[in-house]
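Note sheet for the following structure.
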Amino acid sequence: DTGVSQNPRHKITKRGQNVTFRCDPISEHNRLYWYRQTLGQGPEFLTYFQNEAQLEKSRLLSDRFSAERPKGSFSTLEIQRTEQGDSAMYLCASRSEYEQYFGPGTRLTVT
Amino acid sequence: RKEVEQDPGPFNVPEGATVAFNCTYSNSASQSFFWYRQDCRKEPKLLMSVYSSGNEDGRFTAQLNRASQYISLLIRDSKLSDSATYLCVVPRGGSQGNLIFGKGTKLSVKP
């Protein structure tokens, strides 16, 4: 499968715990995006990488959130001290010249 | 005006019906627009791109009215498989930027 992959697909965690998600983009895409989607809403932009450089961060990305793309290939999104409001689908996308391709997402539930 | 605003839906239509979704956007400088389709608990997938006045692909027609900052998606001869949420999308900062999604309009096609 040469599409965008994300792991894990589902994560249940207790409030206050840290979680980390991984995204593997389509190999030739140098742009990678993270979005968050809650029920009944469209995806909301979180952050964007071009190669290993993090070029833009949304105000939604609080201090508890950090994203990396150390070698310009896969990316990780970490949430520290999770809160119930962090429960959402976290979507990763990588971009060709014309289109953003989304991964299947990681569904986070904070109990 | 919100950055991207869509008909709230849901739209419940019989097979074979024609249905239209509307979307308005706030940034008059936007040059490109997209309609994404999202099935329940799946990632969004690009349905159509709109770069000029409109685009047609089989049963699907997207139209753009720049003066009114309005985009529409028309689906003719609805199929059961068209049931999904349709997301109106505008890139921020031109076509290279992150995507701004509307909340989506849910379509349910009934036999």
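All values reported here derive from a predicted model rather than from experimental measurement. Just so it is clear: chains get the letters A, B, ... in the order the sequence lines come, proteins before strands, and each one is counted from 1.
A continuous path of hydrophobic side-chain contacts links Leu46(A) to Leu32(A) [ILVMFWY only; heavy atoms under 4.5 Å]. Hydrophobic clustering (ILVMFWY, side-chain heavy atoms < 4.5 Å, transitive): Phe21(A) and Phe102(A) are in distinct clusters. Linking Ile, Leu, Val, Met, Phe, Trp and Tyr whenever their side-chain heavy atoms come within less than 4.5 Å puts Val19(B) and Trp35(B) in one cluster. A single hydrophobic cluster is not seen to contain both Phe74(A) and Leu77(A); linkage of ILVMFWY side chains at heavy-atom distances under 4.5 Å, directly or through other members, places them apart. Cluster membership check: Leu60(A) shares its hydrophobic cluster with Tyr90(A), using side-chain heavy-atom separations under 4.5 Å among Ile, Leu, Val, Met, Phe, Trp and Tyr.
The choice from Lys45(B), Gln6(B), Gln38(B) that makes the most heavy-atom pairs within less than 4.5 Å of chain A is Gln38(B). Per-residue heavy-atom pair counts under 4.5 Å with chain A were compared for Leu46(B), Thr85(B), Ile100(B), Val89(B), and the maximum is reached by Leu46(B). Ranked by heavy-atom pairs shorter than 4.5 Å toward chain A, the options Gly104(B), Cys88(B), Pro44(B) are led by Pro44(B). In terms of heavy-atom pairs under 4.5 Å with chain B, the best-connected choice from Ser58(A), Pro43(A), Gly105(A) is Pro43(A).
Aromatic pair Phe45(A)/Phe101(B): ring centres not closer than 6.0 Å.
A donor atom on one side chain and an acceptor atom on the other are not found under 3.5 Å apart for Glu43(B) and Gln6(A).
By the neighbour-count criterion of 12 heavy atoms within 6.0 Å, atom CZ of Arg15(A) is sparsely surrounded, having that number or fewer from other residues, nucleotides or ligands. Within a 6.0 Å sphere centred on CD1 of Ile12(A), other residues, nucleotides and ligands contribute 12 heavy atoms or fewer. The environment of CD in Glu99(A) is crowded: more than 12 heavy-atom neighbours from other residues, nucleotides or ligands sit within 6.0 Å.
Between Arg92(B) and Tyr48(A), every side-chain heavy-atom pair lies at or beyond the 4.5 Å cut-off.
For the pairing with Asn98(B), the side chain to side chain contact (heavy atoms under 4.5 Å, CB included) check across Glu44(A), Arg95(A), Glu56(A) returns one residue only, Glu56(A).
The structure places CZ of Arg41(B) at 10.5 Å from CZ of Arg9(A), a figure rounded to the nearest 0.5 Å. Atom NZ in Lys42(B) sits 9.5 Å away from atom CE in Met89(A) (nearest 0.5 Å).
Residue Tyr101(A) does not touch chain B at all, counting heavy-atom pairs closer than 4.5 Å.
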